[in-house]
Trainee: 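Here it is, the structure, as structure tokens.
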Amino acid sequence: ATTTTVDETAWTALDETASVVLSEQRYMLRPEQVPSSAPRESLPTDPDLEYDERVLLYRDTNSWCPFCERVLLALEELKVPYAVSFIDLRAKPDWYVEMSGTGLVPAVRLDGELLVESKTILLALEERLCSPNASPPPLLPSDAAERAEALALVEDSDADESIGALGYRFLSGGRFGEPKDESKVPELRAAFEAKLDAFEAQLGKYADSPYLMRDFGLADIMVAPSLERFAANLPVYRGFDVADNPKYPKLTEWFAAMRTRPTYAGIRSDAGTHNAILERVFGLAPPAKLSASASPAAREAGAKLCRNRAAVAEDLLARTALASVVCAADASVAAAEVDAFLQALTTRLLGSGDAAAEAAEAAEVEADKEAPELGAEERRRAVQAIAASYLRNRVSAPRDMTADAAAAFRDACDELAREAYA
């Protein structure tokens, strides 16, 4: 007979480490809600919310939306207290569709007034929440001429020939929602490169600044989500480097400056997430390997996996063949095998030392070698390979963790998947 146990001793030690790692972050679990965790405090999805902040942001559950990212970055830069409510775009609540008029995100309630469209929201935040000489400073220049220049850049970022629109057409082979034509890709690339030339020239206008204007502001916020996605997508799908292209040295400096801003680091996604989205939307294959991440990022990934392990385990068991096939429909065996794998992955990410590693190893299922279908060792290997392969594509930044942490998470999953049958 097969006997199974879930060892909570190892999780206790890992939880203690996770508490230290997450002590200065706003990560929270959301039991029985969508999403099951969030990178910061959030409210339930409900039409009648109570909150004290002047701003309530409605955003997508997966934290993928580039337009929501614009608003989030502005709010974080302005250090404005705000509340968040998530909207599942695959199952939009009727009350939200009626309230917003479109069912799209983002939407914001500012002092009770509903605002939609990211550019409209950003300009309203600037007008109502900012004042000259404030700290942090406003996101538009105080000088009248420079303010007009910045506003022109903001408008251009939302135009039909914007850098985001032209980059998307080059990436996908046509306009959004229209049939794609690969024969037009050279023409689309030329149009995008011409826009990048103009962008490079604007970046060089203020010699002491890496940004589009003298200081970081709305002009940068408007283009950051699109350019970050192109930096991930275009090298893979078009062989075109955006972030480190010798033809655009000022753009390379802009990316470097943006990625060192703590606010941006907390809300941007990673290359793996961006390319996984393209696979789901366009049927294009994601990259096979991402770059390695620093130890603090791996520890963040491990801490958040540790805290959200129940939802992750439930997702694995519901969406893969682990329970029905690998574990021969034995639910207790499947749960214990998944728990053992998650402990091993968490231990590797947290780098918790020999004691935690030994505890995780001890948590593996002790099963009879004559268990149905597979022996214990073969079953463990199958669970490791399937779970690692599934989770490396399931993680999403910044929904589950920051971009660097998500990259570290995928690296650890890739290692475990390779090791399963090494």
Side-chain angles (χ1 to χ4, degrees), residues 39-40 55 57-60 63-82 84 104-108 110 115-131 134-143 146-159 162-168 195-196 198-199 202-203 205-206 209-232 242-243 250-251 253-269 274 397-398 402-403:
R40 55 152 293 141
V55 178
L57 169 64
Y58 295 97
R59 70 157 311 167
D60 59 313
S63 300
W64 291 340
C65 172
F67 307 105
C68 294
E69 193 174 304
R70 288 174 172 178
V71 178
L72 273 171
L73 181 53
L75 289 169
E76 290 292 327
E77 285 284 344
L78 292 171
K79 294 182 168 49
V80 173
Y82 63 97
V84 174
L104 302 178
V105 290
V108 156
L110 175 56
L115 302 168
V116 296
E117 302 291 345
S118 61
K119 184 182 70 174
T120 300
I121 293 168
L122 291 176
L123 293 174
L125 293 176
E126 175 74 14
E127 178 183 355
R128 301 188 200 178
L129 301 181
C130 296
S131 58
S135 180
L139 296 172
L140 286 173
S142 57
D143 176 82
E146 291 186 12
R147 184 182 184 89
E149 181 184 1
L151 285 170
L153 292 172
V154 168
E155 291 297 329
D156 183 72
S157 298
D158 241 16
S162 68
I163 198 167
L166 293 173
Y168 174 83
K195 196 68 175 183
L196 286 178
F199 195 83
Q202 178 66 37
L203 287 171
K205 185 172 181 178
Y206 297 92
S209 171
Y211 301 112
L212 287 164
M213 298 296 297
R214 197 178 304 279
D215 297 298
F216 170 85
L218 284 187
D220 304 288
I221 288 173
M222 287 290 289
V223 297
S226 293
L227 287 174
E228 193 68 55
R229 283 154 177 77
F230 298 152
V242 174
K250 292 295 184 183
L251 180 56
E253 293 177 12
W254 180 86
F255 271 107
M258 288 295 297
R259 289 170 178 175
T260 58
R261 299 188 76 84
T263 52
Y264 189 55
I267 63 96
R268 77 181 181 94
S269 191
H274 288 315
T402 62

Trainee: List for me each residue that meets salt bridge (Lys or Arg N to Asp or Glu O under 4.0 Å) alongside Arg147, sequence neighbours excluded, and say none if there are none.
Mentor: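 Arg147 satisfies salt bridge (Lys or Arg N to Asp or Glu O under 4.0 Å) with no other residue.
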Trainee: Who pairs with Asp60 by salt bridge (Lys or Arg N to Asp or Glu O under 4.0 Å), at least two apart in sequence or on another chain?
Mentor: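 Testing Asp60 for salt bridge (Lys or Arg N to Asp or Glu O under 4.0 Å), a comparison that skips the adjacent residues, returns none.
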Trainee: I'd like to check the ring-ring contact (aromatic ring centres under 6.0 Å, His included) partners of Phe216; sequence neighbours left out, ordered by chain and number.
Mentor: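 Phe216 satisfies ring-ring contact (aromatic ring centres under 6.0 Å, His included) with Tyr211 once adjacent residues are dropped.
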Trainee: Determine whether Arg261 and Asp220 satisfy the following criterion, salt bridge (Lys or Arg N to Asp or Glu O under 4.0 Å), listing intermediate values before the conclusion.
Mentor: CA-CA 12 Å; Arg261 299 188 76 84; Asp220 304 288; over 6 Å; no
Trainee: Between side-chain atoms of residues 65-73 and protein atoms elsewhere (two or more places apart, or another chain), which donor-acceptor pairs fall under 3.5 Å?
Mentor:
| unit_1 | atom_1 | unit_2 | atom_2 | d |
| --- | --- | --- | --- | --- |
| Glu69 | OE1 | Arg229 | NH1 | 3.4 |
| Glu69 | OE1 | Arg229 | NH2 | 3.3 |
| Arg70 | NE | Met222 | O | 3.0 |
| Arg70 | NH1 | Ser118 | OG | 2.9 |
| Arg70 | NH1 | Asp158 | OD1 | 3.2 |
| Arg70 | NH2 | Met222 | O | 3.1 |

Trainee: For Arg59 versus Ser63, what's the shortest heavy-atom pair and its separation?
Mentor: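 Looking at all heavy atoms of both residues, the closest pair is NH2-CA, 3.1 Å.
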Trainee: Does any non-hydrogen side-chain atom of Pro141 lie less than 4.5 Å from one of Asp215?
Mentor: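 Asp215 does not reach Pro141 side chain to side chain.
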Trainee: Met213 versus Leu153: any side-chain heavy-atom pair under 4.5 Å?
Mentor: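 Side chain of Met213 against side chain of Leu153, heavy atoms only: contact under 4.5 Å found.
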Trainee: Applying side chain to side chain donor-acceptor pair (under 3.5 Å), can you list everything that pairs with Lys205, at least two apart in sequence or on another chain?
Mentor: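 Lys205 satisfies side chain to side chain donor-acceptor pair (under 3.5 Å) with Glu149 only.
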Trainee: Find out whether Ile163 and Asp156 are in side-chain contact, i.e. whether some heavy atom of one side chain is under 4.5 Å from a heavy atom of the other.
Mentor: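 The answer is no; the side chains never approach within 4.5 Å.
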Trainee: Please identify each residue that fulfils side-chain contact (heavy atoms from CB on, under 4.5 Å) with Leu251, with sequence neighbours left out.
Mentor: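 Only Leu196, Phe199, Glu200, Leu203, Leu227, Val242, Tyr248, Trp254, Phe255 meet the side-chain contact (heavy atoms from CB on, under 4.5 Å) criterion with Leu251.
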Trainee: What pairs with Lys119 under side chain to side chain donor-acceptor pair (under 3.5 Å), at least two apart in sequence or on another chain?
Mentor: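 Counting only residues at least two positions away or on another chain, Lys119 forms a side chain to side chain donor-acceptor pair (under 3.5 Å) with Glu155.
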Trainee: Apply the test side chain to side chain contact (heavy atoms under 4.5 Å, CB included) to residues Cys130 and Leu78: give CA-CA distance (whole Å), side-chain angles for both, the deciding distance (0.1 Å), then the verdict.
Mentor: CA-CA 8 Å; Cys130 296; Leu78 292 171; 3.4 Å; yes
Trainee: For the side chain of Ser209 and the backbone of Tyr206, is there at least one donor-acceptor N/O pair under 3.5 Å apart?
Mentor: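 A pair under 3.5 Å: no.
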Trainee: In chain order, what residues pass the side-chain contact (heavy atoms from CB on, under 4.5 Å) check against Ser162, with sequence neighbours excluded?
Mentor: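 Expected list: Ala165.
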Trainee: What pairs with Glu126 under salt bridge (Lys or Arg N to Asp or Glu O under 4.0 Å), at least two apart in sequence or on another chain?
Mentor: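 Testing Glu126 for salt bridge (Lys or Arg N to Asp or Glu O under 4.0 Å), a comparison that skips the adjacent residues, returns none.
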Trainee: Please say whether more than 12 non-hydrogen atoms of neighbouring residues, nucleotides or ligands are located less than 6.0 Å from CD in Gln202.
Mentor: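 Buried by this count: over 12 neighbours within 6.0 Å.
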Trainee: Return the set of residues passing side chain to side chain donor-acceptor pair (under 3.5 Å) with Ser226 (not counting sequence neighbours), or none when no residue passes.
Mentor: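 Checked Ser226 against side chain to side chain donor-acceptor pair (under 3.5 Å); zero matches.
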Trainee: Checking Glu146 now: which residues fulfil salt bridge (Lys or Arg N to Asp or Glu O under 4.0 Å) with it, not counting sequence neighbours?
Mentor: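 Salt bridge (Lys or Arg N to Asp or Glu O under 4.0 Å) check on Glu146 returns Arg214.
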Trainee: Show the nearest heavy-atom pair for residues Ala150 and Ala219, with the distance to one decimal.
Mentor: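 Looking at all heavy atoms of both residues, the shortest contact is O-CB, 4.5 Å.
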Trainee: Check the pair Leu151, Leu140 against side chain to side chain contact (heavy atoms under 4.5 Å, CB included), reporting the backbone distance first and the verdict last.
Mentor: CA-CA 8 Å; Leu151 285 170; Leu140 286 173; 3.7 Å; yes
Trainee: For Ile267 and Pro398, work out which heavy atoms get closest and say how close.
Mentor: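 Smallest heavy-atom distance, with atoms named: O-CG, 3.2 Å.
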Trainee: Kindly indicate, with the supporting measurements, whether the criterion side chain to side chain contact (heavy atoms under 4.5 Å, CB included) is fulfilled by Leu115 and Leu125.
Mentor: CA-CA 10 Å; Leu115 302 168; Leu125 293 176; over 6 Å; no
Trainee: Kindly determine whether Tyr168 and Leu166 satisfy side chain to side chain contact (heavy atoms under 4.5 Å, CB included), including the steps that lead there.
Mentor: CA-CA 5 Å; Tyr168 174 83; Leu166 293 173; over 6 Å; no
Trainee: Rounded to the nearest 0.5 Å, what separates atom CG in Leu110 from atom CG in Leu129?
Mentor: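 Output value for this atom pair is 5.5 Å.
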Trainee: Mind checking side chain to side chain donor-acceptor pair (under 3.5 Å) for Tyr264 and listing every partner two or more places apart, or none if nothing turns up?
Mentor: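 Side chain to side chain donor-acceptor pair (under 3.5 Å) list for Tyr264, sorted by chain: Glu228.
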